[in-house]
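Have a look at the structure below, then the notes.
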Amino acid sequence: MKLLELADLDAELSRLDHRRRTLPESQEYEQAEARDAELRAELATLEAQQSDLARDQAKAERDVEQVRSRIERDRARLDAGLVSSPKELENLQSEIGSLEHRQSDLEEVVLDVMERLEEVNRRRGSLAAEQATLTGQLREIGARRDAALAGISEESGKDTDSRADIAAGIPADLLGLYDRLRAQHTVGAAALNRGRCEGCHLSLNTVDLGRIRAAPPDEVLRCEECRRILVRTGELSS
Ligand SMILES: [Zn+2]
């Protein structure tokens, strides 16, 4: 019976459609894409941190340089013997002492900034490497996904063609009923096999079976339970 062939093809087409929508490769691709977006965001943050730290480092180095040259100037004055008053001498020596202290604090700042910069660079490098690997994976997963989708499209195209051929041989009103039922119940027609509707899997009672046996072969039968079109098979009454 052509309606059963049609129902088989429709079931196959739904399976293909389901496969298309739940393709593991698509999910894999989406996950990889999400990770890629995370990496991009994190890399942008690190890049901003890096430029801030580089600016901090340059500033701290300039500060160190300023203090160092002031110390040198003060020392030169001392060495040249230009300062003779004991009071002035004491002031100058004390200034050199506090400048040296300041210099060592600033050098700490430089070291600290450099360490943080190193950490940011290390992290950037590792994320960039991960991103490079991910780019390759995205290409590979994308190719697998596209191949799977193309395969599904090809199968589904063939099934659609076969369906059109079969549908052309079914009376329009029966086909209309089938399509309406299919829209409501997913499956529009089911086989009646060994007294059981293969759509809802319920067995028909003897009265209904008797009526079906007596019905002319061209009468459109419906399952009393699920209202699907029942297609009589050879094993109707066994
Ligand atoms: Zn049924």
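Start at 1 and go down the list; that is how both ligands and their atoms are numbered.
Using modelled atom types, one finds no donor on one side chain facing an acceptor on the other under 3.5 Å when comparing Q31 with Q27.
Side-chain contact between C197 and L202 is absent, with no heavy atoms from C-beta onward closer than 4.5 Å. Within the 4.5 Å cutoff, the side chain of E155 has heavy atoms near those of the R19 side chain.
The hydrophobic cluster containing V83 also includes V64, V67, I71, L78, L89, L92, I96, L99, L106, V110, M114, under a criterion of side-chain heavy atoms closer than 4.5 Å among ILVMFWY residues, counted directly or through chains of members.
Within 6.0 Å of CD in E65 there are more than 12 heavy atoms belonging to other residues, nucleotides or ligands. Other residues, nucleotides and ligands place no more than 12 heavy atoms under 6.0 Å from the CZ atom of R77.
Protein-derived N/O/S atoms nearer than 2.8 Å to the Zn ion (ligand 1) total 4, waters excluded.
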